[in-house]
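Along the sequence shown, residues carry numbers from 1.
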Amino acid sequence: MMKIKFSAVLAVLIVAVSCTPTKVIVPLKEGQWQIGVTQGRPQINEGYLPVLGAYAAKGVSATKTNYGGIQFSSLLLGAVQLEAGQVATLIPQQGFKPGISYSYGAQSFLSTRDYAFRFYPEAGLNAYLKEGPHILNVSANTWVDPTWFLADFGRGQVFAPSFSAGYRLRYKWFEAQLEYKILNPTREIQIPQADVPNTSGRGGKGFFYGIAINF
């Protein structure tokens with residue numbers, strides 16, 4: 001019974017947390033820190049699932065930034081969720097030619113009920129335009145599920161993609177983030193309580209927000 005419950009929690013979290021704002025689009029300056037909080041309410045069918053998290057990031061070079069974070073909403077669902085990864089410049093921006101950055105990392109979940117553990121590698125690609133303090137971006141990201149075959153109801157799949165477009169204002173010590181994200185465009189997720197349809201069936205999607213300080 002505990003296994004079924006934790007599988008249901010993971011299905012909900014994949015829908016909700018993949019929809020949180022992308023942490024870093026343009027790598028920070030070398031030695032610079034950024035600490036932020038993110039919030040959103042992805043729409044699932046006719047309802048909404050509040051998500052709240054926090055993260056810290058540090059520029060480890062002129063082109064690479066490491067980050068780590070925690071999702072507080074997951075704790076309410078009985079799971080400790082931690083994430084870590086790196087964002088790096090692939091192609092620098094040149095005038096109005098967009099820059100390209102990529103990210104890679106992982107998400108981990110630990111059940112507070114029965115201590116079941118799951119680990120999800122993830123990778124993403126961002127195209128961005130930065131002009132002064134303004135940053136526009138479009139992004140694609142996917143989780144990889146090494147244990148897809150353990151999913152209930154035979155609905156497990158290896159990839160859980162998401163796509164987004166956003167704007168952020170990075171001005172001196174302050175950054176504000178706004179992003180619209182769609183999740184689950186390729187598959188339907190079924191959990192004991194409900195079906196989560198694909199995007200064309202009004203799956204998980206919505207606006208998400210973040211604020212951060214830089215120092």
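- With sequence neighbours left out, Ala56 forms a side chain to side chain contact (heavy atoms under 4.5 Å, CB included) with Trp33, Ile35.
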Atom pairs and distances, donor-acceptor, side-chain atoms in residues 126-134, under 3.5 Å, two or more places apart:
{"residue": "Asn126", "atom": "OD1", "partner": "Ser139", "partner atom": "OG", "Å": "2.6"}
{"residue": "Asn126", "atom": "ND2", "partner": "Ser101", "partner atom": "OG", "Å": "3.1"}
{"residue": "Lys130", "atom": "NZ", "partner": "Gly132", "partner atom": "O", "Å": "2.8"}
{"residue": "His134", "atom": "ND1", "partner": "Tyr167", "partner atom": "OH", "Å": "2.7"}

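- Grouping Ile, Leu, Val, Met, Phe, Trp and Tyr by side-chain contacts under 4.5 Å, direct or through others, puts Tyr67 with Val24, Val87.
- Evaluation of the side-chain hydrogen bond (donor to acceptor under 3.5 Å, both in side chains) rule for Glu122 yields Gln107, Trp143 as partners, not counting sequence neighbours.
- Note on Leu136 and Val26: separate hydrophobic clusters, where clusters join Ile, Leu, Val, Met, Phe, Trp and Tyr whose side-chain heavy atoms are under 4.5 Å apart, directly or indirectly.
- Gly95 and Gln93 make their closest contact through O-NE2, 2.9 Å (heavy atoms, listed as atom of the first residue, atom of the second, distance).
- Checked against side chain to side chain contact (heavy atoms under 4.5 Å, CB included), Lys64 has the following partners two or more places apart in sequence or in another chain: Val60, Ser61, Gln86, Ala88.
- Other members of the hydrophobic cluster containing Tyr104, listed by chain and number, are Leu90, Ile91, Ile100, Tyr102, Leu125; membership follows side-chain contacts under 4.5 Å among ILVMFWY residues, whether direct or relayed.
- Cluster annotation: Phe117 and Tyr115 are assigned to the same hydrophobic cluster (Ile/Leu/Val/Met/Phe/Trp/Tyr, side-chain heavy-atom contacts under 4.5 Å, transitive).
- Counting non-hydrogen atoms of neighbouring residues, nucleotides and ligands closer than 6.0 angstrom, the CG atom of Leu75 exceeds 12 such neighbours.
- By the criterion of side-chain heavy atoms lying less than 4.5 angstrom apart, applied directly or through intervening Ile, Leu, Val, Met, Phe, Trp or Tyr residues, Phe174 is grouped together with Phe215 in one hydrophobic cluster.
- A search for salt bridge (Lys or Arg N to Asp or Glu O under 4.0 Å) contacts involving Glu175 returns Arg168, Arg170, not counting sequence neighbours.
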Leu28 and Gln34: CA distance, side-chain angles, deciding distance, side-chain contact (heavy atoms from CB on, under 4.5 Å) verdict: CA-CA 8 Å; Leu28 303 171; Gln34 183 177 96; 3.7 Å; yes
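- At least one side-chain heavy atom of Glu179 sits under 4.5 Å from a side-chain heavy atom of Asn137.
- Under the side chain to side chain contact (heavy atoms under 4.5 Å, CB included) test applied with Gln177, the options Ile211, Ile135, Thr38 reduce to a single match, Thr38.
- Of all non-hydrogen atoms in Ala165 and Val138, the two that sit nearest each other are CB-CG1, 4.1 Å.
- Thr89 places no side-chain N or O within donor-acceptor distance of the main-chain N or O of Pro92, the cut-off being under 3.5 Å.
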Evaluate Phe119 against Phe109 for ring pair (Phe, Tyr, Trp, His ring centres under 6.0 Å), listing each step before the verdict. CA-CA 7 Å; Phe119 182 81; Phe109 294 85; over 10 Å; no
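- Side-chain contact annotation: Glu83 with Tyr55, donor-acceptor N/O pair under 3.5 Å absent.
- Contacts of Glu30 classified as side chain to side chain contact (heavy atoms under 4.5 Å, CB included), with partners at least two apart in sequence or in another chain: none.
- Counting heavy atoms from C-beta on, the side chains of Thr22 and Ser164 come closer than 4.5 Å.
- Residue Phe207 is grouped with residue Ile182 when hydrophobic side chains (ILVMFWY) are merged at heavy-atom distances under 4.5 angstrom, including chains of intermediate members.
- Using modelled atom types, one finds no donor on one side chain facing an acceptor on the other under 3.5 Å when comparing Gln81 with Ser108.
- One finds the OG1 atom of Thr65 at 14.0 Å from the NZ atom of Lys23 (value rounded to the nearest 0.5 Å).
- At least one side-chain heavy atom of Gln39 sits less than 4.5 Å from a side-chain heavy atom of Leu52.
- Closest non-hydrogen pair, Ala54 versus Phe72, comes out as CB-CE1, 3.7 Å.
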